[in-house]
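Report on the following structure.
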Amino acid sequence: MGFAPERLKEIRLLNGYTLDKVAEKICVSKQAVSKYEAGKAIPATDTLARILNLYGIRQDYLTNQRGLPDDRSVVFYRTVKRTPMKAKEVA
């Protein structure tokens, strides 16, 4: 299946979610989400389904080298020192 954990973190940051918020929404612990993103664990089938539903993405986004979903695009921006880190991560 070739799970891509870095994509899981990427999509979380893109949506502006914290580990806690994702864990709450998909009914797992914060530590489990962290392990999925670090590649130390692969989510079970039912958990993966909840993740896909939460972000509105297809499974192939997390399992192969396909790019961002069609309705999302790469954003380039100039940073300002007073811009909060959370806003920078989302951007």
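Worth saying up front: this structure is predicted, and the values here are computed from it rather than measured.
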Can you give the donor-acceptor pairs under 3.5 Å from side chains of residues 26-38 to other protein atoms, not counting sequence neighbours?
| from | atom 1 | to | atom 2 | distance (Å) |
| --- | --- | --- | --- | --- |
| Ser29 | OG | Ala32 | N | 3.1 |
| Glu37 | OE1 | Arg12 | NE | 3.4 |
| Glu37 | OE1 | Arg12 | NH2 | 3.1 |
| Glu37 | OE2 | Arg12 | NE | 2.6 |

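- Atoms CD and CD1, from Glu6 and Ile11 in turn, are 12.5 Å apart once rounded to the nearest 0.5 Å.
- Pairs passing the side chain to side chain donor-acceptor pair (under 3.5 Å) check and including a residue from residues 41-51, sequence neighbours excluded, read Thr47-Arg50.
- For the atom pair OG1 of Thr18 and CG of Leu13, the computed distance is 10.5 Å after rounding to the nearest 0.5 Å.
- Shown here are the side chain to side chain contact (heavy atoms under 4.5 Å, CB included) partners of Lys25, two or more places apart in sequence or in another chain: Tyr17, Lys21, Leu54.
- Considering only heavy atoms from C-beta on, Val22 stays 4.5 Å or farther from Ile51 through its side chain.
- A heavy-atom distance below 4.5 Å is found between the side chains of Leu8 and Phe3.
- No side-chain heavy atom of Leu52 sits under 4.5 Å from any side-chain heavy atom of Arg58.
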